[in-house]
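Everything below concerns the one structure shown next.
Bear in mind that the values here come from a model prediction, so they are computed numbers and not experimental data. Every number for a ligand or one of its atoms is a count from 1 in the order of the listing. Heavy-atom basis, side chains included; hydrogens, waters and symmetry copies ignored.
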Amino acid sequence: MRFSTSGIRVMRNFPGDAEVASHRWLVRAGYIFQHGSGIYSFAPLFYRVYRKICRIVEEEIDREGGVQVQLPLIQPAELWERSGRLKVYREAGVMFETEDRRGSLYCLCPTAEEVVTDMAMSFIQSPRQLPVIFYQQHTKFRDELRPRFGMVRCREFTMMDAYSFDIDEAGLDRSYKAMDRAYHRIFRRCGLDYVVVKADSGAIGGSDSEEFMASCEIGEDTLMIAGDYAANAELAFSVIEDPEPEAPQPLEVVDTPGADTIAKLAACLKVPESKTLKSMIYNAVFEDREEAVAVLIRGDKDINEVKLLNHLGAIAIRLAEPELVKEVAGCAPGYVGPTTLKAGTRVVADLTVQAMSNFAAGSGEPGKHAINVNHGRDFPTPEFVDIRMAKAGETAPNGETLQAFRGIEVGHIFKLGDKYSIALGAGVNDSEGTFRHFQMGCYGVGSTRIASAVVEQYHDDDGITWPLALAPFHVHLVPTKYQDEVQRAHADEIYAALQARGIEVLLDDRKVSPGVKFADADMIGVPYRVTLGRGLVEGKVEVKERLSGEVSDVPLETLIDDLTARIKGALEAAA
Ligand code: ATP
Ligand code: MG
């Protein structure tokens, strides 16, 4: 491609709103163009990278027997009502809905379990057609609360989404493993440094679920890792040592002036934070009702809202507004304690609370706390469940110490089981003539998000340092002065010869200074830069590797063979 007519534009400055390297470089180097919040065009450079990611994804999923389809972007909301997910996605705020001229409700596809199941139940008529894995690479729309970081979290983005259909759980397990294998090959070929963690199944529902996380400090997910234990912080578990049991002391209310945080309360009472209790009121939204729930946790620990949501089986939970807190606990949010709750309030306590005795808690009054509180005596025994955020330094279930890392979720695999097939009535008659609901799995890869994750891992102070497999071009050909007849003749010849060998070349034929060309080349980040300049009189060109910075002078006669061999060799090694 000739730079002058490629439609590529490299900017002189970073975008003002970019907080992370991938967003900064992808915009500045002219890969993407923002039109609105979380809405981007893929400029020519990005489109090339995107297609390479898609090809890798397709090759690896095809290798496991996946079959490609295309599912609609606009879907009848009625299907989502049948699966019971319309309300869940509405509550999460990600669903974009619209009406057609006849007043029928539609939604923009955030994911496609409903439509694919709808199709599968018509197309799959016999167990002999199973297993089948349908997949697509297509636009998704999620009205994200906080679109940010460029292509990491957009509203419109592309995802590879796959859906497996099996007759039984053993079959589902095989399909799940097949996708797991494909994912490992995909992320390895993309050059990503990644880890696989146990994950929450979230609004999709289901049992086994794992996320593929690109290791990255700016990642929005926290990963808790200890030896062979790896889990998303949303569901990570840690083992806490219980305190020694104590004989119950009489309940008292004492003055605790100014003790409006756990730290201040512990200091005021001269007890460790682990002898205090946090009490929060949540508003839980269910399919048919809302309910105030009191949640208790040891003072030195934090509530994990994902675990809480899952335990309650609610569609959404949020901290209660002051009016609701007043109604349930008779006081303002900061003063709630387990003894102040209205009778009949549902109370959920973390497992850490079970072994606590003689602890301090809110008394319902400002400036005062209850001490020597004991559950079962001073308030009814609550439901004890794990709703705690595991923290770095705590002990993992395997006995090793948890460490926290940050990651960008680039892929996710789920066992859905029969959740959607039951909801939509999808399945086949087995050989005995008994109707069996499909056992389904669903699998997502953030095809566009991968590009951002790769740039986070492959950049330096001058720009992007693409791995060869994803780079928009293999070679960036830079004649320092293309108007010069000799340079032009050589440049055109090299350009044609490399392309004839299947090498993708960007020829910088612009009339700009060599300094600008070099700076742009560094930003764009093509792995090999070939410079035609003064060395030409001696029959030499300069080859520079973008990633290592290694420079070598190569004779014109061997350039094409050398470079082709290096590039093809590297591509094969990465495939
Ligand atoms: P997140 O937790 O980051 O919001 P998710 O768990 O909701 O993502 P999935 O439903 O598992 O996402 O979607 C599959 C894949 O699609 C994700 O692993 C991610 O790579 C990609 N993805 C999800 N949301 C976005 C988005 N807003 N922008 C770009 N890619 C996304
Ligand atoms: Mg996910």
Side-chain angles (χ1 to χ4, degrees), residues 20 22-23 26 32 34 36-40 42 46 50 53-54 56-57 61 71 85 88-89 91-96 108-114 116 135-163 179-180 182-183 186-187 190 192 194-206 208-216 218-223 231-235 305-306 309-310 316 406-416 420 441-456:
V20 301
S22 58
H23 187 188
L26 286 173
I32 55 176
Q34 183 168 4
S37 170
I39 299 188
Y40 289 88
F42 300 180
F46 192 82
Y50 165 67
I53 295 170
C54 290
I56 291 175
V57 170
I61 293 180
L71 305 164
R85 277 209 301 185
V88 180
Y89 274 73
E91 280 294 332
V94 295
M95 194 63 124
F96 191 96
L108 285 187
C109 170
T111 172
E113 284 77 11
E114 283 77 3
V116 78
Y135 81 97
Q136 64 167 350
Q137 308 239 30
H138 201 198
T139 306
K140 301 287 172 304
F141 193 94
R142 294 184 184 178
D143 206 356
E144 299 277 0
L145 189 64
R146 254 189 100 192
R148 59 178 191 155
F149 297 172
M151 303 308 279
V152 173
R153 187 168 297 284
C154 319
R155 294 201 295 161
E156 181 176 309
F157 59 98
T158 309
M159 191 207 282
M160 181 301 296
D161 44 328
Y163 307 88
M179 293 304 285
D180 178 69
Y183 273 41
I186 290 167
F187 298 121
C190 289
L192 278 173
Y194 69 95
V195 286
V196 185
V197 298
K198 285 194 206 341
D200 173 57
S201 332
I204 301 230
D208 281 359
S209 163
E210 281 156 299
E211 285 162 344
F212 288 68
M213 294 283 188
S215 315
C216 182
I218 63 103
E220 294 174 289
D221 283 275
T222 304
L223 323 177
N232 191 313
E234 289 180 342
L235 93 169
E305 294 190 346
V306 174
L309 179 92
N310 290 346
R406 310 290 289 171
I408 300 180
E409 181 190 325
V410 284
H412 201 160
I413 54 178
F414 289 100
K415 280 187 186 171
L416 293 171
Y420 294 91
C442 78
Y443 316 88
V445 169
S447 326
T448 43
R449 187 184 275 183
I450 285 178
S452 285
V454 168
V455 177
E456 285 300 330

Enumerated ligand 1 atoms positioned under 4.0 Å from heavy atoms of [X]:
X      : result
Val410 : 18 (O), 20 (O)
Met159 : 13 (O), 14 (C), 16 (O)
Gly411 : 18 (O)
Glu144 : 24 (N), 26 (C), 27 (N)
Cys154 : 26 (C), 27 (N), 28 (N)

Notebook entry, point to check: Near the Mg ion (ligand 2), which protein N/O/S atoms are found at less than 2.8 Å?
Noted result: Glu409 OE2, His412 ND1
[X] side chain to [Y] backbone, donor-acceptor under 3.5 Å:
X      : Y      : result
Arg155 : Pro147 : no
Glu91  : Ala316 : no
Glu211 : Val197 : no
Glu234 : Val306 : no

Checklist line | ring-ring contact (aromatic ring centres under 6.0 Å, His included) against Phe42, all qualifying residues, sequence neighbours excluded | finding: Phe46, Tyr50
Is there side-chain contact between [X] and [Y], with heavy atoms separated by less than 4.5 Å?
X      : Y      : result
Ser452 : His23  : no
Met213 : Asn232 : yes
Tyr163 : Thr111 : yes

Notebook entry, point to check: How does Asp161 reach ligand 1, by side chain, by backbone, by both or by neither, if only non-hydrogen atoms under 4.0 Å count?
Noted result: neither
Next item on the list: Have a look at ligand 1 and work out which part of Arg153, if any, has a heavy atom under 4.0 Å from it: side chain, backbone, both or neither.
Entry: both
Margin query: Would Gly446 count as a polar contact of ligand 1, with the cut-off being nitrogen or oxygen pairs under 3.5 Å?
Written below: yes
Could you pull out, from [options], the option with a heavy atom nearest to [atom]?
atom                    : options                : answer
atom 19 (C) of ligand 1 : Glu234, Met160, Arg449 : Arg449
atom 30 (N) of ligand 1 : Phe157, Phe212, Tyr443 : Phe157
atom 5 (P) of ligand 1  : Arg155, His412, Arg142 : Arg142

Next item on the list: List in chain and number order the residues that pass salt bridge (Lys or Arg N to Asp or Glu O under 4.0 Å) with Glu409, two or more places apart in sequence or in another chain; answer none if no residue qualifies.
Entry: none
Checklist line | Trace of the side-chain contact (heavy atoms from CB on, under 4.5 Å) decision for Arg146 with Glu220 | finding: CA-CA 12 Å; Arg146 254 189 100 192; Glu220 294 174 289; over 6 Å; no
Next item on the list: Output all residues satisfying side-chain contact (heavy atoms from CB on, under 4.5 Å) with Leu309, sequence neighbours left out; order by chain, then residue number.
Entry: Ala314, Ile317
Next item on the list: Sort out for me which residue in His138, Gln137, Lys140 forms a side chain to side chain donor-acceptor pair (under 3.5 Å) with Asp161.
Entry: Lys140
Check: What do you reckon, does Val152 put a non-hydrogen atom under 4.0 Å from ligand 1?
Finding: yes
